[in-house]
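Values below: every heavy atom of this structure, side chains too, minus hydrogens, waters and symmetry copies.
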Amino acid sequence: MTDAVIDLDLTADPIDLCAALVDVPSVSGEEGALADALERALRAQAPHLELLRSGHAVLARTNLGRAQRVLLAGHIDTVPIADNVPSRREGHLLHGCGTTDMKSGDAVIAHLAATLTEPRHDLTLVFYDCEEVEADRNGLGRIEREHRDWLDADLALLGEPTAATIEAGCQGTLRVEVTTRGRRAHSARSWLGDNAVHAAGGMLDRLARYRPRRVDIDGCEYREGLQAVRITGGVAGNVVPDECVVTVNFRFAPDRDVAAAEKHVREVLDGFDAVVTDSAPGALPGLGAPAAREFLAAAGGAPRAKFGWTDVARFAALGIPAVNYGPGDPNLAHTREEHVDTREITEVTATLRRFLT
């Protein structure tokens, strides 16, 4: 956070704008300075837009009476900084926290907001907060509760990093805690106890032998995964443990809803005590919608499935087709070495401009 006034030039090359955005720290919950700068820049440089401020989120839209509306959304928060702010350039690479996830996408959206005064579709731009933390803090959820009409659109494009390739839909996610119980005893007299950690072995073997589905939906192959991601157990170095808890994460294709995903996990873990601790539905590709077909034609190339959960699922739940499309390699997100190939920023900007004009 900084008390200095931050001036952003939204009409500048989106590569330069991305660097400027990265240089304003905006870790989740601390996006105020960047939100202020974006709001101030949009008011001064995009007078054709109606603006709304919601917490640390900034929304803008045209009201041109077009037949269709396209929504461009990007979160402005980042994971904690890892000695990678301010940004630095190295040839075609721009390094820094958020360059990939997803200030390069934000830069594209902000640039188009200011420079497209007569788009062929009405536009809504959403720069939102707290995407990188727990779901109940997500700015899109707050906007949905308090300003639902601002999310209406025929197509939503999220600027998540996809290396300039359309990634359609997203996986759902389900977490369960599986508890095994035993009897505590001194490890020198282990025959008097019942080891709960050992009791988890059968369940872990089941997971190791599990063969996940591959599902083709609208030409996009989704790969499921069922993995133990955490295990806790044990009391002391000389005590037979009487409880062990294994956290299991199921990433499922969007042809399953949460109820079907839970049913499947319980079938796999039949005989074990499993409690659901977290879940979120996936999103079907939605590539058959007219606006989505237009965007596919403009972007070219074959779409692919989105591995992981993104906010496209929020739009899908509202009945709004949504895809992920933005610069940056998603494998670099959240890393100390995070960077973006600036040529992808240029490519994504040109593709979206072509689609919108």
Side-chain angles (χ1 to χ4, degrees), residues 28 52 54-55 57 59 61 68-77 102 105 109 121-160 162 166-176 215 217-218 220 222 224 249-265 276-293 295-296 303-326 330:
S28 302
L52 173 71
S54 168
L59 298 84
R61 66 186 176 189
Q68 296 190 104
R69 179 173 291 275
V70 174
L71 184 149
L72 306 179
H75 64 82
I76 61 173
D77 63 318
M102 56 166 286
I109 295 169
H121 301 305
D122 265 312
L123 295 182
T124 300
L125 305 312
V126 180
F127 303 94
Y128 63 101
D129 52 320
C130 287
E131 189 271 350
E132 299 288 8
V133 290
E134 53 269 29
D136 61 0
R137 293 174 60 191
N138 188 301
L140 272 184
R142 183 186 64 253
I143 293 165
E144 181 183 349
R145 292 188 300 271
E146 299 176 1
H147 307 286
R148 170 64 185 82
D149 64 298
W150 277 79
L151 299 182
D152 287 334
D154 297 283
L155 175 67
L157 303 176
L158 272 75
E160 291 281 358
T162 66
I166 295 175
E167 292 189 341
C170 70
Q171 293 169 304
T173 182
L174 179 85
R175 271 189 292 275
V176 300
V215 185
I217 305 174
D218 290 348
C220 299
Y222 294 87
E224 296 187 327
N249 183 213
F250 183 38
R251 295 296 177 128
F252 54 92
D255 63 335
R256 301 188 200 258
D257 60 16
V258 170
E262 179 180 348
K263 181 175 183 290
H264 177 69
V265 171
V276 176
T277 59
D278 184 48
S279 65
L284 291 166
L287 299 178
R293 289 199 301 268
F295 180 59
L296 285 172
R304 64 190 182 197
K306 180 64 176 178
F307 296 118
W309 188 93
T310 74
D311 280 313
V312 296
R314 292 183 182 272
F315 289 100
L318 297 174
I320 300 169
V323 299
N324 305 279
Y325 180 70

Distance flag, aromatic centroids of His264 and Phe252, threshold under 6.0 Å: no
Asn138 side-chain N/O to Leu140 backbone N/O, donor-acceptor pair under 3.5 Å: yes
Validation row: Phe295, Val70 side chains within 4.5 angstrom (heavy atoms): no
Separation of Ile76 CD1 from Ile109 CD1 (nearest 0.5 Å): 11.5 Å
Closest contact, heavy atoms only, Ala153 versus Leu71: CB-CB, 3.8 Å
Side chain to side chain, Lys306 and Val312, heavy atoms closer than 4.5 Å: no
Check: Arg142 side chain, Ser54 main-chain N or O, donor-acceptor pair, under 3.5 Å: yes
Considering all heavy atoms, the nearest Gly169-Asn324 contact: O-ND2, 3.3 Å
Smallest separation among heavy atoms of Tyr222 and Ala168, with atom names: OH-O, 2.6 Å
Distance-only donor-acceptor check, side chains Asp278 and Thr173, under 3.5 Å: no
Close side-chain approach of Arg256 and Glu224, heavy atoms under 4.5 Å: yes
Minimal non-hydrogen separation, Gln68 against Asp154, with atom names: CA-OD2, 3.2 Å
Flag, side chain of Trp309 to backbone of Pro281, donor-acceptor distance under 3.5 Å: yes
Distance, nearest 0.5 Å, that separates OG1 of Thr277 from CG of Leu174: 7.5 Å
Audit row: His147, Leu52, side-chain contact (heavy atoms from CB on, under 4.5 Å) steps and yes/no: CA-CA 9 Å; His147 307 286; Leu52 173 71; 3.6 Å; yes
Chi angles and distances behind the side-chain contact (heavy atoms from CB on, under 4.5 Å) call for Glu167, Glu160: CA-CA 9 Å; Glu167 292 189 341; Glu160 291 281 358; over 6 Å; no
Shortest non-hydrogen separation from Pro285 to Val323 and the atoms involved: O-CG1, 4.2 Å
Distance, nearest 0.5 Å, that separates CG of Leu296 from CG of Leu287: 5.0 Å
Check: Gly288 main-chain N/O paired with Arg293 side-chain donor or acceptor under 3.5 Å: yes
salt_bridge(Arg61, Asp152) N-O dist < 4.0 Å: no
Value rounded to 0.5 Å, distance of CG in Asp149 from OG1 in Thr124: 9.0 Å
Any donor-acceptor pair under 3.5 Å from Asp77 side chain to Glu131 backbone: yes
Heavy-atom closest pair, residues Ile320 and Leu151: CD1-O, 3.0 Å
